[in-house]
Engineer: 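Could you have a look at this structure, given as structure tokens, before my questions?
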Amino acid sequence: MGTSVQVTPLSGVYGESPLCYLVAIDGFNLLMDCGWNDLFDPSLLLPLSRVAKSVDAVLISHPDILHLGALPYARKHFGLSAPVYATEPVYRLGLLTMYDHYLSRRQISDFDMFTLDDIDAAFQNVIRLKYSQNYHLSEKGEGIVIAPHVAGHLLGSTVWKITKDGEDVVYAVDFNHRKERHLNGTVLESFVRPAVLITDAYNALNNQVYKRQRDQEFIDEILRVLRANGTVLLPVDTAGRVLELILILEQYWAQQHLSFPIFFLSNVASSTIEYVKSFLEWMSDSIAKSFEHTRDNAFLLKYVSLIINKSDLENYASVPKVVLTSMASLEVGFSHDMFVELATDTKNLVLFTERGQFGTLARMLQVDPPPKAVKVTMSKRVPLVGDDLKAYDEEQEKIKKEEAVKKASIIKVEEVRAASSHLSESSKGDSMMIDPPSAVASSEVASSHFHGKMDILVDGFTPPSTSVTPMFPFFENTAQWDDFGEVINPDDYVIQEEESNHMVGNGNGLDAKPDEASVHLLLDSTPSKVVSHEMTVQVKCALLYMDFEGRSDGRSVKSIIAHVAPLKLVLVHGSAEATEHLKMHCAKHVCPQVYAPQIEEAIDVTSDLCAYKVQLSEKLMSNVLFRKMGEYEISWMDSVTEKTNEKMLTLLPPPSASPAHNSVLVGDLKLADFKQFLSTKGIQVEFAGGALKCGEHITVRKVSDSSQKAGTGAQQIVIEGPLCDDYYKIREHLYSQFYLL
Amino acid sequence: MASVMTGGQSMIPYPNPTPTAVTREGDQLVLTPLGAGNEVGRSCMHMSFKGKTVLFDCGIHPAYSGVAALPYFDEIDPSTIDVLLITHFHLDHAASLPYFLEKTNFRGRVFMTHSTKAIYRLLLSDYVKVSKVSIEDMLYDENDIIRSMDKIEVIDFHQTLEVNGIRFWCYTAGHVLGAAMFMVDIAGVRVLYTGDYSREEDRHLCAAELPQFTPDICIIESTYGVQLHQPRLIREKRFTDVIHSTISQGGRVLIPAFALGRAQELLLILDEYWENHPELHNIPIYYASPLAKRCMAVYQTYINAMNDRIRTQFANSNPFDFKHISPLKSIENFDDVGPSVVMASPSGLQSGLSRQLFDKWCSEKKNACVIPGYVVEGTLAKTIINEPKEVTLMNGLVAPLNMQVHYISFCAHADYAQTSGFLKELMPPHIVLVHGEANEMGRLRQKLVSQFSDTNTKLYTPKNCESVSMYFTSEKMAKTIGRLAEKVPATGEAVSGLLVKKGFTYQIMAPDDLRVFSQLCTANITQRITVPYSGAFEVIKYRLKQIYESVESLPVEEAEVPTLIVHERVTIRHESDTYVMMQWSSDPMSDMVSDSIVAMILNIDREGPKMTPIEEKTHEEMERMAQKVVYSLMVSLFGGVKYGEDGRLVITVDADVARLDVKSGEVECENQGLRERITTAFSRVQGAVRPLPKRQC
């Protein structure tokens, strides 16, 4: 009856693995997030690889690795070619995050999961939406409307609402209901009774301290270390929660007139802040307001210096300072190096603001008690010198030669093929032993085979396969003519402008000037290699974890879910314990149908809601008297059906007086409000033992029927007392709180 | 008692009895231009449909001052407006907003885009400062503007919002930074208000988008009527050529332009031209606007509202950080020694710096004045386009007009090609032309009429305060959900339930499902009342039986005390010697029954027991009595009524014969009209005979 909905987790259930879920709505496959972890472990993506080709659309919710990290890899290796939908900041900051990770990886290893070009390619087909923009999908997804809404966790992060035929599927992970410095809280609570809610159990067991208290502790800790001449290292993400931390620091530094330097070190630090400055409309109301009134952009940073190179810190080696570095996992990148430098000094503090991903150095350090020493691998990319360089050059030379030969052969192959296909159709099938394009990519054997032949022949020529002996190929000019002259291929004459435009457009200032240096280092062709050695670092510095993750805590998550009151609930992402806990809780208090599927376990959450559409005839509607209740208008209606055209039923007024129906009282009585109401009417009221005592003798009570599930059934109200005027007066007031239909 | 039957609701007062009448007028959509109807300036369009009211734009007329510049707000009741939408920050679209928000009883909500709001604040403060009118003519002051800022809400492009059942979103309009076209959807009828728009991409703005949906009504600007713009590159070349040749002859160039919006585009052109022509580097360009610097932050921040070209440039350096253009505060700071280019506001040369410079330069032949945009009727700029011999200066003297006047439009309004192309793509059934001078609008109307002659498109060109009505009979669809929808009813079956309306969507559901599908809930009120009574309980029972058909005694084993149930509604328990307790669940019928019981019990007490036993009537006897009543009532209604042999009543009216089954109420008759009459009559008779219907469970 309703819209069919299936949910299949591909990763990210019963644990902290990256988020990736397949939601099929009437056969249209939506991939909700496409995450990876900081270690870029390809084995995590196996389930995705099996379905990637059948995905029709990808919806991304947050600009971090756990939510979008696998996009480039999946696009390159799994053939994930569906359009991607995300908000502008998710697109932009996600791109920067991917760059940062790639560059950090690349600095210490021959990372080859994906390249910068792959990242660009993956992000090129991102369709950027605004919050509350109803985007109507077309073609296969006809009838489906997707809309991003504020999630409140990271800048631009999204709660997705997918609507088909009036039924809502809401995907809300990592939301935050609290209003923060730079973000508004989520609007999840404004969704009422969606057919399906997919949410996470990540924080189901965590409870947070009061925000102001936490901020104060955070600053106190930092100042304590700074005043003791230590350095504070804050491993952060590239472009997410770090923004909130920067604002907190900026604010306190301004208030207290502090002079300790603060650095934000990441491969893309300056680009990040530059872009963030132009995303004011995505931030909190207070930031928008301050800009509208005084044109003060909150991210015009006064105290935080943006640096993209660790060497910039050398001048401050002995100065107490705060350093925010990307790569919160401490596995690679600047944060890794900084940690190794700072860990050995007891004065220093490493302050984690989010839980480290499973299996990373950060996670190891967050256990209680922290390890005394950790083994780390120090890697460095060094330019080749001496023998290495020589060997490299030789190798390059060889490769170049081979490539040139290969290329020439391919060109020839294509020409020959084109020619031969012209000459004889029959030779087409077996004209070549291999397909030229794939020869480049894969078949080493084939190319070496060509290599051999090529040596014999004049460089670059291969015999047409139709010829028995090798001979100099001769092509007849098979130009075709029609009434207008020679048939030409217009593409040959198009000036290759697009390519350069494309480069500019594509760049979009991603590698903005300050970052060029580091990018340069990686992209320039100076031969280099990675040198690494293992070492053990004594962890003497202080380690601290404070929750600045910006997610709703367990208690709030429960109350929000209860408020949203979905008809069906799907729980994902969270430790097994947390998932079970939340599942039990929700099954008891929210809705009976709570699912927590395993990886690749497809669950059917098609709503069993019955519904059919009818047309309301003008005659019927002219007799209906609506009564207004909040944003609703409500009325009792008696009608008979009539079939007007095929499929559509029309409701007409009944021909005769319809039988009386049981009257329905509509309204929500809050005893406290009622008390107030009565006292304005001059009646003495007080609460006594859960009941409202009105006047001398009358009591009004609400009876909670425990046998009924939350969210269904009517309220039971009892009014009792002796026969007196008051009784009728209060009854009248009580009635006035309801509509009788 | 019968009246209670039909009403069924009359006993309980309702807190706010404002039933929404559904009449034909509900389908009428009325559009009234309060400004910009057959004129340019003070854009303001009032729209009402199905009890919802939207106001588009709230501008002033630049050629007038004081209250005369306002749109005709007297024509409407501001308090009824639900939503006010501002398309862009230009004075003729936004400048009466502080007045409307602060000086009228408008209580609705106001929306504009982020960048519009940021610039609105700057622009109006400047407007208040610059406009030199007497205090009583001041429409509002700085404080009103600041207060208005708190009431203005922001909307992002494509973001869909819903206020009071009105859904709306906006598209890029291209005209200036943050300019929007609003699409409003009320009960499925869509109205597009373009504001000022341009379909041509320029140096920093995107072209206006083509909406995804065809609107039912398109309210479109007609500033340029049937004129065609030259291609952008040619216009730019003319512009730079005029300037170049003037300054190379030692002349001065005055560009009267509005401080914000199009000025930024001109500055981009000039800065780029100077960059490419090093020989001009010693010629100063002045941008005389105190707003310029302050607005730069806005232009730098909202790059996401601009086109890709500017965004790409932005990555390298800020294109709005001009290298060859210097700010100019006032004429006192201006060192007028040689050739120079000055861009100054206001664009109409009414007063201010542009006028001061004009007065100074107008009689010199070498000088030039380039008018870069649309000029409003009644301003000096409009006058000099026709190149009169003489002009009147600010001080009242008459001077010869020798300077060259060039009119090169960069105003980013749609021309005829764009307008007709836009409408052709959209094909709206109703087109309303606004924001155009009467003649231009008339010409455009004629051309469009011939263009759309083979379609049903209707064109309107209302004057100010002239209402246009259109009718939209939208079909009302409802969705039956939940328990009620378990089975799709066949034709002729009855459907009864709660009809719940939210916005313009209707749902039909069973009362028990109300809580499930909406935020409303139902309630049961149980009433328990103790009535003093010291007599015998039997007396009550006896008396009740005289009044009510159904009085059941509960066996004592089930209830601990003697208990009576009247009509399955009211339970009476003999709790003690001094009182009885009555309990029932609230609904009008039960309340009525209980009231009568209370009255009866009190009467027994007063009158004392008067036991006059009468024989108990059996059920059959009751039935017979009822039948007798039915029979006699039918006779009085139809005359010829006989008992048929099968127990049915045979009713003969003239030649028609009908058979009525008294038990089931079925009527057999060949005459359709008679059958319906008998059915109705019988159901009423039944209602009279058995006023208390059985409770449905």
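Just so it is clear, the structure is predicted and the values come from calculations on it, not from any experiment. Numbered from 1 within each chain, the chains take letters A, B, ... in sequence-line order.
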Engineer: Before you tell me yes or no, could you show the steps for B/Tyr533 and A/Leu723 under side-chain contact (heavy atoms from CB on, under 4.5 Å), namely the whole-Å CA-CA distance, both residues' side-chain angles and the distance that decides it to 0.1 Å?
Structural biologist: CA-CA 11 Å; B/Tyr533 177 70; A/Leu723 181 70; over 6 Å; no
Engineer: Can you name the closest pair of heavy atoms from A/Ser639 and B/Ser496 and give their distance?
Structural biologist: N-OG, 4.3 Å
Engineer: If I take atom CD from residue A/Glu720 and atom CE from residue B/Met581, how far apart are they, to the nearest 0.5 angstrom?
Structural biologist: 7.5 Å
Engineer: Indicate yes or no: at least one non-hydrogen side-chain atom of B/Leu498 is less than 4.5 angstrom from one of A/Ile634.
Structural biologist: yes
Engineer: Measuring heavy-atom distances to chain B, does A/Val614 have an atom under 4.5 Å in its side chain, in its backbone, in both, or in neither?
Structural biologist: both
Engineer: Which answer fits B/Val298, side chain, backbone, both or neither, if we ask what part of it has an atom under 4.5 Å from a heavy atom of chain A?
Structural biologist: both
Engineer: Go through it in stages, so that I can follow the logic: the residues are B/Asn304 and A/Glu88, the test is side-chain contact (heavy atoms from CB on, under 4.5 Å), and I'd like the CA-CA distance, side-chain angles, deciding distance and then a yes or no.
Structural biologist: CA-CA 9 Å; B/Asn304 288 319; A/Glu88 177 83 35; 4.0 Å; yes
Engineer: Please examine the side chains of A/Ile719 and B/Arg528, heavy atoms only from C-beta on, and report whether any two atoms are closer than 4.5 Å.
Structural biologist: no
Engineer: Between B/Val154, B/Asn164, B/Ile146, B/Val495, which residue shows the highest count of heavy-atom pairs closer than 4.5 Å to chain A?
Structural biologist: B/Val495
Engineer: Who among A/Val666, A/Thr641, A/Leu280 has the most heavy-atom pairs with chain B under 4.5 Å?
Structural biologist: A/Thr641
Engineer: Between B/Asp591 and A/Tyr735, does a side chain to side chain donor-acceptor pair (under 3.5 Å) hold up when you go through it step by step?
Structural biologist: CA-CA 12 Å; B/Asp591 284 357; A/Tyr735 280 169; 2.5 Å; yes
Engineer: Quick one: which of B/Tyr506, B/Tyr579, B/Tyr120 has the most heavy-atom pairs under 4.5 Å with chain A, could you say?
Structural biologist: B/Tyr506
Engineer: Can you tell me how far CG of B/Leu161 sits from OH of A/Tyr131, rounded to the nearest 0.5 angstrom?
Structural biologist: 14.5 Å
Engineer: Tell me the closest heavy-atom pair linking B/Ala523 and A/Ile717, and the distance in Å.
Structural biologist: CB-CD1, 4.1 Å
Engineer: Checking A/Tyr727 against chain B: side chain, backbone, both or neither under 4.5 Å from a heavy atom?
Structural biologist: side chain
Engineer: Side chain, backbone, both or neither: which part of B/Phe213 has a heavy atom under 4.5 Å from chain A?
Structural biologist: side chain
Engineer: Which distance, rounded to the nearest 0.5 Å, do you find between the CH2 of B/Trp169 and the CD of A/Gln133?
Structural biologist: 11.0 Å
Engineer: Using the rule given for side-chain contact (heavy atoms from CB on, under 4.5 Å), can you reason through A/His293 versus B/Asp150, listing the C-alpha separation, both sets of side-chain angles and the distance that settles it, and then say yes or no?
Structural biologist: CA-CA 10 Å; A/His293 281 278; B/Asp150 293 332; 4.1 Å; yes
Engineer: Could you state the interatomic distance from OG (A/Ser132) to CD (B/Glu162), rounded to the nearest 0.5 Å?
Structural biologist: 11.5 Å
Engineer: When you compare the side chain of B/Ile525 with that of A/Leu665, does any pair of heavy atoms fall below 4.5 Å?
Structural biologist: yes
Engineer: Does some side-chain heavy atom of A/Tyr135 sit less than 4.5 Å from a side-chain heavy atom of B/Thr160?
Structural biologist: no
Engineer: Do B/Ile529 and A/Tyr728 come close enough that some side-chain heavy atom pair is under 4.5 Å?
Structural biologist: yes
Engineer: Where on B/Ile508 is there a heavy atom nearer than 4.5 Å to chain A: the side chain, the backbone, both, or neither?
Structural biologist: side chain
Engineer: Would you mind telling me which of B/Gln159, B/Arg167, B/His158 makes a side-chain contact (heavy atoms from CB on, under 4.5 Å) with A/Asn134?
Structural biologist: B/Arg167
Engineer: So that I know where these two stand, are A/Phe291 and B/His114 an aromatic pair - ring centroids less than 6.0 Å apart?
Structural biologist: no
Engineer: First locate atom CD of A/Glu281, then atom CG of B/Asp156, and finally report the distance between them rounded to the nearest 0.5 Å.
Structural biologist: 5.5 Å
Engineer: Got more than 12 heavy atoms from elsewhere within 6.0 Å of CZ, B/Arg675?
Structural biologist: no
Engineer: Using heavy-atom distances under 4.5 Å, tell me whether B/Gln212 contacts chain A through its side chain, its backbone, both, or neither.
Structural biologist: side chain
Engineer: Would you mind checking which part of B/Ile119 comes under 4.5 Å of any heavy atom in chain A, side chain (CB onward), backbone (N, CA, C, O), both or neither?
Structural biologist: neither
Engineer: Any side-chain heavy atom of B/Gln527 within less than 4.5 Å of one from A/Arg731?
Structural biologist: yes
Engineer: Just give me the residue among B/Met582, B/Met149, B/Met509 that pairs up with chain A most often, heavy atom to heavy atom, under 4.5 Å.
Structural biologist: B/Met149
Engineer: Centre of A/Phe626's six-membered ring, under 6.0 Å away, within 45 degrees of the axis: is that where NZ or CZ of B/Lys501 sits?
Structural biologist: yes
Engineer: Quick one: what part of A/Val664 sits under 4.5 Å from any heavy atom of chain B, side chain, backbone, both or neither?
Structural biologist: side chain
Engineer: Is any side-chain heavy atom of A/Trp636 less than 4.5 Å from a side-chain heavy atom of B/Leu499?
Structural biologist: no
Engineer: Would you say the side chain of B/Arg121 lies within less than 4.5 Å of the side chain of A/Glu292, judging by non-hydrogen atoms?
Structural biologist: no
Engineer: Sort A/His136 into side chain, backbone, both or neither according to what part of it lies under 4.5 angstrom from a heavy atom of chain B.
Structural biologist: both
